[in-house]
There are 2 protein chains.
Amino acid sequence: MALDHAILVSLLEKPGSGYELARRFERSIGYFWTATHQQIYRVLKRMESDGWVDVRDVPQQGRPDKKEYSVAGPGRDALSAWLHAPIEPESVRHDLAVKIRGAAFDDPAALIGEVRRHRQAHTDRLEHYRAGEARDFPPSGADGPPDAERELQHAVLRGGIAYERMMIAWLDDVLATLARFEAGR
Amino acid sequence: MALDHAILVSLLEKPGSGYELARRFERSIGYFWTATHQQIYRVLKRMESDGWVDVRDVPQQGRPDKKEYSVAGPGRDALSAWLHAPIEPESVRHDLAVKIRGAAFDDPAALIGEVRRHRQAHTDRLEHYRAGEARDFPPSGADGPPDAERELQHAVLRGGIAYERMMIAWLDDVLATLARFEAGR
DNA sequence: TGCAGCATGTAAGTCGTTACATGATTTC
DNA sequence: GAAATCATGTAACGACTTACATGCTGCA
């Protein structure tokens, strides 16, 4: 289970509240992990009672107070142990692929709208990632020593971009395949 | 939830026992959905009591008897309803990406072996898919009317192939990034 | 007045994973 | 004699989703 570790990594990058973590999971972290606030609060509570994170009450003006979490020693140790242990290459789950194979027993052409919707969603995400890349990782000339945190974040973002591009190309392929059955009915 | 529907599609393609379904999920269906036999037996039992599938006892020689499941009318209707309802473009979960971002706070070079292992696993899967493609979808000249079941299965397989290729290219990118920190320690 | 954003939570139910359990046959 | 394959299950636990719940501030 990696939600614990995803939260630890995010808190190492920058301490924050459960709410802030939930927003990060909606945005930048969202391209490799998703989590709702309910999950996050539960895990934060558990990690707090296990001594993996420290909490600090932060009073705010014009806003509800918040609890700022940061990673404690045992949490860092737990993350390190997980980083050094091998994980299995994960399995994929694509609802849309189930639908595409299922369409053979229903009406293939009826799926065209749905596939277009998904294609649009992936186009939007790609745009979003590319905007983030342009903002956070501008092309740089010769500069100082490489910054591991930045470069690894960028590498993960490039993975998100590659994924969206692959999906768009594949959905175009699927649309071309479906079109053959639209005429052939 | 799509496990129900994945099972229905598989049974429409060919009726079979829980055990056979589990093997199909390990193989061809595995490139877009995974399920263990425990899950499958539970869902089959539920679908049977809901009247979505029919069961037939098949005695065998030299092997334990098996129960062959096939899709019943209500199951087909349920699948059809699901096919016509929109689903949300699914969220991604990559443990390995969590590790890569986490490596910035540990030892980036220590991750190289792990990333290589994953690259190998994706290379193996790609080989497996390509062998399946060559076997089941040989290049054909001009032939009869297009067969929806075959062509859609092929389109999904092409998606699996595109996914593995993308992953291999991205992991090479990650390895190049990690290598920069091996020297710079 | 109403909506969006900030901030934290509880409860119920489903889904998925891991471990345990059995027993026959075929292959090395 | 051991291991792999065929075949079906139960039990327990942990993860995830969905719905419900509260309350304050800022803006149109």
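Labels below follow one simple rule: chain letters A, B, ... track the order of the sequence lines, proteins then strands, and each chain is numbered from 1.
No side-chain heavy atom of Leu3(B) sits under 4.5 Å from any side-chain heavy atom of Val98(A). Looking at heavy atoms from C-beta onward, Ser28(B) lies in side-chain contact with Arg101(A) at the 4.5 angstrom threshold. Using a 4.5 Å heavy-atom threshold, the side chains of Arg117(B) and Glu88(A) count as touching.
Annotation: the span from Phe181(B) atom CZ to Leu111(B) atom CG amounts to 12.0 Å, rounded to 0.5 Å.
Each end of the helix from dT1(C)-dA28(D) to dC28(C)-dG1(D) gets its own rotation axis from five pairs of C1' atoms, and the angle between them is 30° to the nearest 10 degrees.
The stretch residues 31-41 of chain A comes close to DNA chain D through Gln38(A), Gln39(A), each having a heavy atom under 4.0 Å from the strand. Looking at residues 43-60 of chain A, you'll see Arg46(A) sit with a heavy atom under 4.0 Å from some atom of DNA chain D. Contact check of residues 9-28 of chain B against DNA chain D (heavy atom, cut-off under 4.0 Å) returns Ser17(B), Gly18(B), Tyr19(B), Arg23(B).
When Arg158(B), Arg119(B), Arg125(B) are each tested for a salt bridge (Lys or Arg N to Asp or Glu O under 4.0 Å) with Glu164(B), only one passes: Arg125(B).
Between Arg42(A) and Asp65(A), the one whose closest nucleotide on DNA chain C sits nearer the 5' end is Asp65(A).
As a whole-Å value, the separation of Gln61(B) CD from dT26(C) P is 10 Å. For the pair Leu3(A) CG and dT17(D) C1', the computed distance is 13 Å after rounding to whole Å.
In terms of the ring-ring contact (aromatic ring centres under 6.0 Å, His included) criterion, residue partners of His154(A) (sequence neighbours excluded) are, by chain and number, Phe137(A).
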Using a 3.5 Å cut-off and no angle test, enumerate the donor-acceptor pairs between side-chain atoms of residues 62-71 of chain A and protein atoms at least two apart in sequence or in another chain.
| unit_1 | atom_1 | unit_2 | atom_2 | d |
| --- | --- | --- | --- | --- |
| Asp65(A) | OD1 | Gln60(A) | N | 3.2 |
| Lys66(A) | NZ | Glu20(A) | OE2 | 2.7 |
| Glu68(A) | OE1 | Arg56(A) | NH2 | 3.0 |

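No salt bridge links Arg76(A) with Asp106(B); every basic N to acidic carboxylate O contact stays at or beyond 4.0 Å. Salt bridge present: Glu114(B) and Lys99(B) bring a charged side-chain N and a carboxylate O closer than 4.0 Å.
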